[in-house]
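Below: one structure in structure tokens.
Because only heavy atoms are used, hydrogens play no part in the values below, and waters and symmetry mates are left out as well, while side chains stay in. Residue numbers begin at 1 in each chain, while the letters A, B, ... track the order of the sequences.
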Protein chains: 2
Amino acid sequence: MTPPSAPARDPASTRERLLDTAERLFAEQGFDGTSLRQITREAGVNLAAIHYHFGSKDALIDAVFDRLIRPINEARLERLDGVEREAGEGAPELERVIEAFVRPPLEASIGSGELGARRMRLVGRVHAEREHISRQLFVRQFEDVFRRFHAALGRCLPELDPETIAWRMHFMIGAMVHVVLTAGDPTVRQVLGPDGDGLEPDALARRLVPFLAAGMRAGEKGTAP
Amino acid sequence: MTPPSAPARDPASTRERLLDTAERLFAEQGFDGTSLRQITREAGVNLAAIHYHFGSKDALIDAVFDRLIRPINEARLERLDGVEREAGEGAPELERVIEAFVRPPLEASIGSGELGARRMRLVGRVHAEREHISRQLFVRQFEDVFRRFHAALGRCLPELDPETIAWRMHFMIGAMVHVVLTAGDPTVRQVLGPDGDGLEPDALARRLVPFLAAGMRAGEKGTAP
DNA sequence: CAAGGAGTCAAACGACCGTTTGAATCATAC
DNA sequence: GTATGATTCAAACGGTCGTTTGACTCCTTG
């Protein structure tokens, strides 16, 4: 008698299966709406595994957040590095800076498909349900990104004072988060047109970037009165 | 011996105290994060009162949502009526249409102060945690507002196709929701400047409306290349 | 082969959840 | 004053929650 489907005791696998499953369920149901029992059941591991590997539900949420957002922010900074390198001494083009900021969360994963849409939702959730995430971790993850992009936007828009740029970054984040949070929502989809591929990162960026760039430029000379 | 502080059996009072308390706690802790026991305890009424007056927790959430959002949307439509009446045959000014859309949720209550900031957060939450609210109710509350503003914006921006306008309304809602959802967040407050009254509806609108108007106009002739 | 740490397991902990019940209490109308 | 319907009350329902425990299995190291 062979043991029926031996549980594959790969040591690293349990931890990552938990992160994968938790990420999926948090995206679909929110943090409060997802129980540890559901996560462990769907991951096919024991209930106690979460506390063994992470310590608590809050620590699991932080781990999921960290694994999700870290590569996004790294990609943002890499893209910004490239944009600034190409610009040399002069100011980089505003549209390219904005694209460096919004593209990584839109791509959110391998890019598109059902899995990508789910991770997109989670990117939105970590902003909208921020109170579940350790404030220290949240600040640490975003302070570099904020500072770098704030400086870059300041060079693109020399007439705007730093406070105005900060406010407009806030609006930009809001538009981006909302797009990403409602990706796949049937009610929204119905309003924005029935085409299935309007939610691809490319299509979203083509809609979002010109809107944000124009908003950022508001009041600068050379624009509409 | 007088009965120590008779519990004031005003029939309408229990129902409204429940709505008030639930609204406050939902704003602070979210829907899943608030229990019926906490609501009834802080409202000073019996636990069963919620099921007597509303029927279930979901029905209470819907009732809070309805009471919160209905006057906001009525105010939006009234303001839009006024703007269109003044414009007569011609197209109304874009800034005024946008202001008609974003001012009511920013004012959100009597206007400012701690109570206003809390209701603001709830306005954000009903968008960000939409899955807790009956879809029927949500659609019914917003379909008129969406249709009316979509038409008005179309008259302001005759060069844009309806789908583009719908997308840009989506971005506008996102920026507005995020502002309103993070109102009072200490991390955000620190970034946007320490002044306490930057979160008044007037100050917010002065920042938000020009940004959104410029974004809406993106690509129209007469604006920057 | 023995020892020991790493990982997994079933079971239980106390607490809290939304909901229901049935009796007690109130206001009102006869 | 008594019947009637509306409202409030304490208590309990079954269930699920996050967390903890202690024994058990596995793999590695000596």
Fill in the blank from the handout: Ranking D:dT20, C:dT8, D:dT8 by distance to the side chain of A:Tyr52, first place goes to C:dT8
Exercise for the section: Starting at atom CD of A:Glu16, determine the distance to atom C1' of C:dG7, rounded to an integer number of angstrom. Expected result: 16 Å
Problem - B:Thr164 and A:Arg207: side chain donor to acceptor below 3.5 Å - result: yes
Exercise for the section: Can you label the angle between the B:Trp167 ring and the B:His170 ring as parallel, tilted or perpendicular, going by 30° and 60°? Expected result: perpendicular
Problem - Contact list for DNA chain C against residues 33-43 of chain B - heavy-atom distance below 4.0 Å - result: B:Thr34, B:Ser35, B:Leu36, B:Arg37
Completion exercise
The nucleotide from D:dT8, D:dA12, C:dA10 with an atom nearest the side chain of B:Leu47 is D:dA12
Exercise for the section: Using atom CG of A:Asn46 as one end and atom P of C:dA6 as the other, report the distance to the nearest whole Å. Expected result: 18 Å
Problem - Interatomic distance, B:Lys57 NZ vs D:dT16 C1' [rounded to whole Å] - result: 13 Å
Handout entry: Contact nearer the 5' end of DNA chain D, comparing B:Val45 with A:Ile50
Key = B:Val45
Handout entry: Under 3.5 Å donor-acceptor, A:Arg125 side chain and A:Phe26 backbone
Key = yes
Practice task
Return the value, rounded to whole Å, for the distance between atom NE2 of A:His53 and atom P of D:dT20.
Solution key: 16 Å
Handout entry: Whole-Å gap separating P (D:dT7) and CZ (B:Arg17)
Key = 14 Å
Problem - Under 4.0 angstrom between A:Thr14 side-chain N/O and C:dG7 OP1 or OP2 - result: no
Handout entry: Atom pair CD (B:Glu74) and CG (B:Asp144), whose distance is rounded to the nearest 0.5 Å
Key = 11.0 Å
Exercise for the section: Apply the test side-chain contact (heavy atoms from CB on, under 4.5 Å) to residues A:Phe171 and B:Leu212: give CA-CA distance (whole Å), side-chain angles for both, the deciding distance (0.1 Å), then the verdict. Expected result: CA-CA 9 Å; A:Phe171 304 149; B:Leu212 295 175; 6.0 Å; no
Fill in the blank from the handout: B:Leu60 atom CG is separated from C:dT19 atom P, nearest whole Å, by 10 Å
Handout entry: Interatomic distance where CG belongs to B:Leu18 and P belongs to D:dT7 [whole Å]
Key = 13 Å
Problem - Validation row: A:Arg103, A:Arg76 side chains within 4.5 angstrom (heavy atoms) - result: no
Handout entry: B:Asp58 CG - C:dT19 C1' separation (whole Å)
Key = 12 Å
Exercise for the section: Would you please say whether a donor-acceptor pair under 3.5 Å links the side chains of A:Asp58 and A:His132? Expected result: no
